[in-house]
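These notes concern the structure reproduced below.
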Amino acid sequence: MNALLLIGSPKARRSTSEAVGTYLLDRLREQGVETDLLRILSMLRAEDGEERLRTAVRAADVVILASPLYVDSLPAPVIRAMEILAAAAVASAKQVPAATQRLTAIINNGFPEASQNGTALAICRRFAAEVGMEWVGGLALGGGGAIDGKPLDKAGSMARNVRRALDLTGEALAAGQHIPGEAVDLMAKPLMPTWLYTGIGSIGWWFQMRKRGTGGKLRDRPYEP
Amino acid sequence: MRTLILNGARPGERAIDAVHEVLVDELVRAGHEVNSYILRDIQIAPCMGDFGCWTRTPGVCVIDDAARRITADLMRSDVYILLTPVTFGGYSSELKKLLDRVICIVLPVFQQIDGETHHEPRYSRYPALVGLGVLPSADRDAERIFATLVRRNAVNFHAPRHTTIVIHVDENQEALYAGMEKLHTSMEMAV
């Protein structure tokens, strides 16, 4: 069995999508699964990237999409990749990807509530149906800003439920099963209380702006009509 | 009324361009001042997720391309219409490449709305939002996802009113005009 991780974050490094995705790949390798990783934006920018994307997806038994939530949905490059794969499926006499392939997605967002990822996961489910893949369920993570791209092994006790959810997901995927409800529930648990997350967030923005010399401009209105 | 149309049709999607043409005619006839962007013809770089529009150049995306001008036009409008093929229940990549770049219109700091966390508004007024999805035929699941997405966008972009319309059009003009009637009724309710 082999698994392909597609990273939907446009960040070249230190993305939460990559942190959760690579942790899951490590678990799958422990179960004897061969793994591969592609960054979607890099693929779309490469000269032969679209073909490499199609070939890699076609060769995978399990495709894992790890992506941030952008404006209640997937980032534009992820949707573009889906459109390319769907066009390949329609164009081919044989369904590509094959019906035996499985798709899962791990969506993270910067709000404390994991439930805000629901629409993006529904879009992933629809994509699977339209290209003939089996949707095996998805995981929703809220408060991704608290992980901020740190490797999960170094994210401390705050990320223990995330790690456990991915441990269970790795076991299920390697055994050819759907993602268990326990993993979904663990992943959706808040990393910290909402008041603490939003409070730390506000202080973080203030520090970043001060460092960049834009302190006091937080509420600027450049497009005020 | 200033109305902005963001056309997310991909190359070759003639049915959506036909919807666009009829839509402009109908809106102009109804007295709207209409401004349109065919997004597939406009080079817009992807959002890089670095939050520079919140911390480095507050309120303006750090990438200097057409998305800045379109965002300014969006904020000047009274209503904006997201015209898109319903794509896996959501927006096309052509429309989404612009929307990802529009988060500068809200603040990074949070507020609670109906028990959920969202970004505070940057401005005192925002345009109303119309999600206009096009499908070749009825698809309840895709339409439900699309309506949820538009509703959630309206909350996050602080639209004072919003509506979702899905019309079923391939190349059939009668279906197109029936869809436009539905759009008129819905827009009257929304705006």
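Naming convention: chains lettered A, B, ... in sequence-line order (proteins, then strands); numbering from 1 in each chain.
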Any ring pair (Phe, Tyr, Trp, His ring centres under 6.0 Å) pairs touching residues 57-94 of chain B, not counting sequence neighbours?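 Only A/F127-B/F88, B/Y91-B/F146 qualify under ring pair (Phe, Tyr, Trp, His ring centres under 6.0 Å).
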Could you check [options] and say which one makes a side chain to side chain contact (heavy atoms under 4.5 Å, CB included) with [X]?
X	options	value
A/I107	A/I123, A/T119, A/L74, A/L139	A/L74
B/L132	B/V150, B/L6, B/L23	B/L23
B/P127	B/L4, B/D78, B/L74, B/I105	B/L74
B/S36	B/I81, B/L83, B/T3, B/V24	B/V24

At a heavy-atom distance under 4.5 Å, which candidate from [options] has the highest pair count against chain A?
options	answer
B/R68, B/R152, B/K97	B/R152
B/T87, B/T71, B/D50, B/I145	B/I145
B/C47, B/C104, B/G90	B/C47
B/R56, B/R76, B/M75	B/R56

In terms of heavy-atom proximity below 4.5 Å to chain A, should [X] be classed as side chain, backbone, both, or neither?
X	answer
B/N156	side chain
B/L149	both
B/P108	both

Go through the steps to decide whether A/D185 and A/K189 satisfy the test salt bridge (charged side-chain N to carboxylate O under 4.0 Å, His left out), and finish with yes or no. CA-CA 6 Å; A/D185 293 344; A/K189 285 196 173 180; over 6 Å; no
Looking at [options], which makes the most heavy-atom pairs under 4.5 Å with chain B?
options	value
A/K11, A/Q208, A/R219	A/R219
A/R80, A/M82, A/E113	A/E113
A/R125, A/K211, A/K217	A/R125

Let me know if [X] has heavy atoms under 4.5 Å from chain B in its side chain, its backbone, both or neither.
X	answer
A/E224	both
A/T194	side chain
A/S9	neither
A/R14	neither
A/P75	both
A/R210	neither

Taking [Y]'s backbone N and O only, do any of them form a donor-acceptor pair with [X]'s side chain (distance below 3.5 Å, no angle check)?
X	Y	value
A/T169	A/A165	yes
B/S92	B/G8	yes
A/N117	A/L141	yes

Kindly write out the residues that satisfy salt bridge (charged side-chain N to carboxylate O under 4.0 Å, His left out) with B/R101, not counting sequence neighbours, or none if the list is empty.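 Listed in chain order: B/D65.
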List the residues meeting side chain to side chain donor-acceptor pair (under 3.5 Å) with B/D25, not counting sequence neighbours, and say none if there are none.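 Residues passing side chain to side chain donor-acceptor pair (under 3.5 Å) with B/D25: none at all.
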Are B/R144 and B/D141 within salt-bridge range, i.e. N to O under 4.0 Å?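 Salt bridge present between B/R144 and B/D141.
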Under 4.0 Å between a Lys/Arg side-chain N and an Asp/Glu carboxylate O for A/D220 and B/R122?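 So A/D220 does not pair with B/R122 through a salt bridge.
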Please say whether more than 12 non-hydrogen atoms of neighbouring residues, nucleotides or ligands are located less than 6.0 Å from NZ in A/K150.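 Correct, the count exceeds 12.
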Is any residue of residues 111-119 of chain B within less than 4.5 Å of chain A by heavy atoms, and which ones?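 Residues B/Q112, B/G115, B/E116, B/T117, B/H118, B/H119 are the ones that qualify, each having a heavy atom under 4.5 Å from chain A.
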